[in-house]
**Q** 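Got a structure for you, written out below as structure tokens; questions coming shortly.
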Amino acid sequence: MIIAVLTSGFSFVGANAAYDEEMESLGLYSDCLLLVSSDNGEVIFRKNAGKQTPPASLTKVITAIVVLENCTDLNTPVTVQESCIRELDGTGSSLGGLKAGEVVTVYNLLASLLIQSANEAATVLADYISGGDRAKFIGMMNEVASRLGCVNSHFVNPHGLHDEDQYVTAEDMAKFILHAMEFPAFAEIAGKTSYRLPATNLQDERNILNTNYLMNSAYKDYYCKYVKAGKTGSTSDAGRCVVSVASKDGYNYVCVALNSVFEDVDGDGVNENGAFLDAKEVFEWAFKNIELVAISDTTQIVGQVPVKYAKTTDFVTLSPGETVYSLVPAGTDSGSLLVEPVEGTMPEFVKAPVKKGEVICRAKVLYAGNVIKEIDLVASMDVKRGFFATIGTVAKTVFSNWIFRIAAIAIIVALIILIFMKRKRDKVSSRSNGKKYRVLSYNDFMKMR
């Protein structure tokens, strides 16, 4: 296989591991971080993305998913049970000020849950959905995790207070937020910077503010105008956490930052939330530096492989089986992209006939030594079988075999011996039958008698 440089008119560069050095240069603060495209699932930045860590109030994303999957009418009124408030006494919880006996709709409880990050909203919703069976609700949370393939996450409560048996990974958290965003109500509520909770039977109308400062222009150090929704979390064990989605010019990303710092990172005497700083940094870097381009084109010839029994050619040329798009840094020269076969998939030769589009092997597209994608390489043309080429190729193959050569020599020697022996027999026979015989007529024969 010839390693070929892609020759498309676009500018190409690799993704994924090719960004590791860029991520390091940003000086990020979070112990676990993931930046992934929600358009095609490509990972841009990954740091301890599979590490299990406490989720804090990011748990409420899963709580909201269970509610939205099991409640068809979000205007349903729910009465706040005193037990749902009392169980949080002495925990130092983030509370929304709900009161026992207060009647609040499911939608407004979700608003308190996702915007205020109110823990009692989580317990009230859990009890409502499960009919007061908390274990059932926890089971539903873990069923969501299992169904989404989030095998490294586990939940024991609906609000996120620390428990050794409650944990997530950045990879799983990205899946959770993407699933949650499929519900219009979640996207709407989690995307609000503020919300006016309507008056209830026990409280007047009041305004609540979103704890996600990435969406609040009043916090200039954190504000990122591309962020559309998200959820925050914080405990002493979990550190500062945030999961957010952002969009610009048709590009969409999810960022998960877990177990980040809350300290004075810039020396101004004020502690900063490292999760917010990291999310803003990676979002803005991605929108500035990455574009979606075709990294392989079906019209490109990227290699060739020998072909046997062909009518007019000794090689069949190879092209990508499909046009593949990838997120790559903008403005990089396309000569940095290479296509090479995946080890063990490239045949030494193929036999004619070969049909155009027939898969020959797998190949990887690389940038700076890092694999961007794996693709199929296919025959770029039809190759017909030739009669004389077949005979010639078979003959060449046969005569190039040393075993056949020995056998052929033996046969030739045997033929020579046989010919020699036949000629010898013929000479002997000729001598023994060398006497002259006279042919007698009938009359002469009768006289002899």
Side-chain angles (χ1 to χ4, degrees), residues 18-37 43-49 51 53-58 60-61 92 94 114-117 160 162 168-171 173-174 177 190-194 208-249 251-290 329-330:
Y19 296 125
D20 287 350
E21 291 184 6
E22 294 288 350
M23 182 176 68
E24 291 297 326
S25 70
L26 296 178
L28 305 175
Y29 303 104
S30 302
D31 179 48
C32 306
L33 187 133
L34 180 70
L35 178 67
V36 60
S37 167
V43 174
I44 308 302
F45 292 145
R46 180 196 301 271
K47 177 185 177 185
N48 297 329
K51 180 180 178 180
T53 189
S57 284
L58 301 193
K60 295 182 174 79
V61 173
S94 170
L114 298 172
I115 297 174
Q116 283 183 295
S117 199
H162 183 71
V168 297
T169 66
E171 291 173 333
M173 202 64 234
I177 193 72
K192 294 179 181 293
T193 56
S194 64
I208 57 176
L209 301 177
N210 201 317
T211 58
N212 189 354
Y213 295 164
L214 291 168
M215 299 190 300
N216 193 329
S217 59
Y219 295 88
K220 63 179 183 178
D221 288 342
Y222 305 138
Y223 178 60
C224 179
K225 62 182 178 181
Y226 311 120
V227 174
K228 304 303 179 184
K231 183 71 192 77
T232 64
S234 174
T235 67
S236 57
D237 295 281
R240 292 301 195 266
C241 307
V242 68
V243 54
S244 287
V245 297
S247 302
K248 178 190 178 187
D249 298 333
Y251 291 85
N252 303 281
Y253 294 98
V254 173
C255 176
V256 184
L258 303 174
N259 194 20
S260 197
V261 302
F262 185 63
E263 58 187 44
D264 182 9
V265 299
D266 57 7
D268 63 356
V270 178
N271 287 340
E272 282 83 32
N273 183 318
F276 288 154
L277 293 175
D278 288 352
K280 177 182 179 180
E281 186 79 15
V282 299
F283 277 142
E284 293 187 344
W285 186 92
F287 288 127
K288 180 181 179 180
N289 293 284
I290 298 179

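As the structure is a computational prediction, the values presented were derived from the model and not from experiment. Computation of the quantities below employed the complete heavy-atom set of this structure, encompassing side-chain atoms and omitting hydrogens, waters and symmetry-equivalent molecules.
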**Q** Which heavy atom of Leu34 sits nearest to which heavy atom of Ala170, and what is that distance?
**A**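 In this case the closest contact between Leu34 and Ala170 is CD2-O, 3.6 Å.
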**Q** Taking all heavy atoms of Ala190 and all of Met215, pick out the closest pair and write down the distance.
**A**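 The pair with the smallest heavy-atom distance is O-CE, 3.4 Å.
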**Q** Under a 3.5 Å distance rule, please check whether Ser94 uses its side chain to pair with a backbone N or O of Ser117 as donor and acceptor.
**A**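 The answer is yes, because a donor-acceptor pair under 3.5 Å joins these two groups.
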**Q** Any chance you could lay out the side chain to side chain contact (heavy atoms under 4.5 Å, CB included) test for Glu171 and Arg46, step after step, and finish with the verdict?
**A** CA-CA 9 Å; Glu171 291 173 333; Arg46 180 196 301 271; 2.5 Å; yes
**Q** Could you tell me whether a side-chain N or O of Lys192 sits under 3.5 Å from a main-chain N or O of Ile115, the two making a donor and an acceptor?
**A**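 Not at all, since once roles are kept as given, no pair shorter than 3.5 Å links the two residues.
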**Q** With rounding to the nearest 0.5 angstrom, report the CE to CG distance, Met173 to Leu58.
**A**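 Reported to 0.5 Å precision, the distance equals 5.0 Å.
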**Q** Taking the six-membered ring for Trp and the single ring otherwise, decide whether the centroids of Tyr226 and Tyr253 are under 6.0 Å apart.
**A**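 No: the rings miss the under 6.0 Å criterion.
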**Q** Which atom pair, heavy atoms only, marks the closest approach of Glu272 to Leu277?
**A**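 Scanning both residues, the minimum pair turns out to be CB-CD1, 3.8 Å.
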**Q** Only one of Asp278, Val36, Leu26 forms a side-chain contact (heavy atoms from CB on, under 4.5 Å) with Phe45, so which one is it?
**A**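 Among Asp278, Val36, Leu26, the one meeting side-chain contact (heavy atoms from CB on, under 4.5 Å) with Phe45 is Leu26.
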**Q** Could you tell me the separation between the NZ atom of Lys280 and the CG atom of Leu214, rounded to the nearest 0.5 Å?
**A**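 Result: 9.0 Å between the selected atoms.
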**Q** Which heavy-atom pair separates Leu33 from Ala257 by the least distance, and what is that distance?
**A**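 Residues Leu33 and Ala257, closest heavy atoms: CD1-CB, 4.3 Å.
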**Q** Check Lys47 against Ser30 and note the closest heavy-atom contact, atom names and distance.
**A**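 Minimum heavy-atom separation between Lys47 and Ser30: NZ-O, 2.8 Å.
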**Q** What's the spacing between Thr235 OG1 and His162 NE2 if we round to 0.5 Å?
**A**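 Rounded to the nearest 0.5 Å, the OG1-NE2 separation comes to 7.0 Å.
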**Q** Could you tell me the separation between the CG atom of Leu209 and the CD atom of Gln116, rounded to the nearest 0.5 Å?
**A**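 Between atom CG of Leu209 and atom CD of Gln116 there are 8.5 Å.
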**Q** Out of curiosity, Lys228 NZ to Lys248 NZ, how far, rounded to the nearest 0.5 Å?
**A**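 The distance works out to 11.0 Å.
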**Q** Ignoring hydrogens and geometry, is there a side-chain-to-backbone donor-acceptor pair from Asp31 to Ser260 under 3.5 Å?
**A**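 Answer holds: no.
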**Q** Rounded to the nearest 0.5 Å, how far does CD of Glu281 lie from SG of Cys255?
**A**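 The SG atom of Cys255 sits 11.0 Å away from the CD atom of Glu281.
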**Q** Any side-chain to backbone donor/acceptor pair from Asn252 onto Ser247? Under 3.5 Å, distance only.
**A**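 Not confirmed, Asn252 side chain does not pair with Ser247 backbone.
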**Q** Taking all atoms of both residues into account, what is the closest heavy-atom pair of Ala49 and Thr169, and its distance?
**A**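 What the structure gives for the nearest pair is O-CB, 3.4 Å.
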**Q** Listing request: all side-chain hydrogen bond (donor to acceptor under 3.5 Å, both in side chains) pairs with a residue in residues 209-223, at least two apart in sequence or in separate chains.
**A**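 Residue pairs with at least one partner in residues 209-223: Thr211-Thr232, Asn212-Ser244.
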**Q** Ile290 vs Ile44, test: side chain to side chain contact (heavy atoms under 4.5 Å, CB included). Steps then yes/no.
**A** CA-CA 9 Å; Ile290 298 179; Ile44 308 302; 3.5 Å; yes
**Q** Could you tell me whether a side-chain N or O of Asn273 sits under 3.5 Å from a main-chain N or O of Phe276, the two making a donor and an acceptor?
**A**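 Checked: pair present.
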